[in-house]
Amino acid sequence: LVMERELLRQWLLISLMIAMLIMTIWNNLDIFYVRLVFILAGINFLVDAIESYLQKENKKVIIREVVLGTVHILFALILKW
């Protein structure tokens with residue numbers, strides 16, 4: 001049951017990211033939608049880090065997910081300028 005929920009969440013996130021990239025192409029490469037993709041990816045990594053922490057996984061895994069989530073969100077903020 002947990003695996004199915006995780007798979008559904010990943011599938012939904014990937015579908016949203018693909019939709020945002022398609023909207024970017026349709027709107028003459030509007031950077032807003034690209035930023036949303038990076039923000040969604042960052043949030044996904046941070047949620048995975050919280051789940052890993054709650055499941056008491058290896059600290060390297062948790063740190064990697066937090067760093068990747070932070071990098072994605074910072075990249076989205078940098079794209080604003």
Side-chain angles (χ1 to χ4, degrees):
L1 181 64
V2 174
M3 205 58 170
E4 291 175 6
R5 193 177 79 201
E6 178 71 22
L7 184 62
L8 178 65
R9 184 174 65 88
Q10 291 292 332
W11 179 252
L12 180 64
L13 183 68
I14 290 171
S15 299
L16 280 172
M17 293 171 88
I18 290 171
M20 295 294 174
L21 289 175
I22 290 172
M23 290 173 70
T24 299
I25 293 169
W26 282 350
N27 290 322
N28 296 326
L29 298 176
D30 186 13
I31 202 72
F32 173 75
Y33 297 107
V34 175
R35 288 179 55 218
L36 282 178
V37 168
F38 280 107
I39 289 172
L40 285 174
I43 290 172
N44 185 42
F45 277 116
L46 293 176
V47 168
D48 286 343
I50 292 170
E51 288 178 359
S52 297
Y53 176 75
L54 293 176
Q55 293 175 0
K56 303 201 185 302
E57 289 188 20
N58 191 352
K59 289 190 180 200
K60 289 182 181 180
V61 173
I62 298 170
I63 292 172
R64 183 189 68 217
E65 290 172 347
V66 169
V67 168
L68 284 173
T70 306
V71 166
H72 277 86
I73 291 174
L74 286 177
F75 190 71
L77 294 175
I78 290 170
L79 283 177
K80 183 178 179 179
W81 292 302

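Bear in mind the structure is a predicted one, so any value in this text is a computation, not a measurement.
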Any residue meeting side chain to side chain contact (heavy atoms under 4.5 Å, CB included) with I63, in chain and number order, not counting sequence neighbours:
V67

Please enumerate all residues that pass side chain to side chain contact (heavy atoms under 4.5 Å, CB included) together with I50, with sequence neighbours excluded.
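Counting only residues at least two positions away or on another chain, I50 forms a side chain to side chain contact (heavy atoms under 4.5 Å, CB included) with L54.
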
Quick one: side chains of residues 70-77, donor-acceptor pairs under 3.5 Å with protein atoms, not counting sequence neighbours, listed by atom name and distance.
unit_1 : atom_1 : unit_2 : atom_2 : d
T70    : OG1    : V66    : O      : 2.7
H72    : ND1    : L68    : O      : 2.8

Once salt bridge (Lys or Arg N to Asp or Glu O under 4.0 Å) is applied, what residue pairs with a partner in residues 54-68 remain, sequence neighbours excluded?
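Every candidate salt bridge (Lys or Arg N to Asp or Glu O under 4.0 Å) pair involving residues 54-68 fails, so no pair, neighbours aside, qualifies.
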
Just grab all the salt bridge (Lys or Arg N to Asp or Glu O under 4.0 Å) pairs involving residues 36-46, residues at least two apart or on different chains.
none

Which residues satisfy the salt bridge (Lys or Arg N to Asp or Glu O under 4.0 Å) test with E51, sequence neighbours excluded?
R9

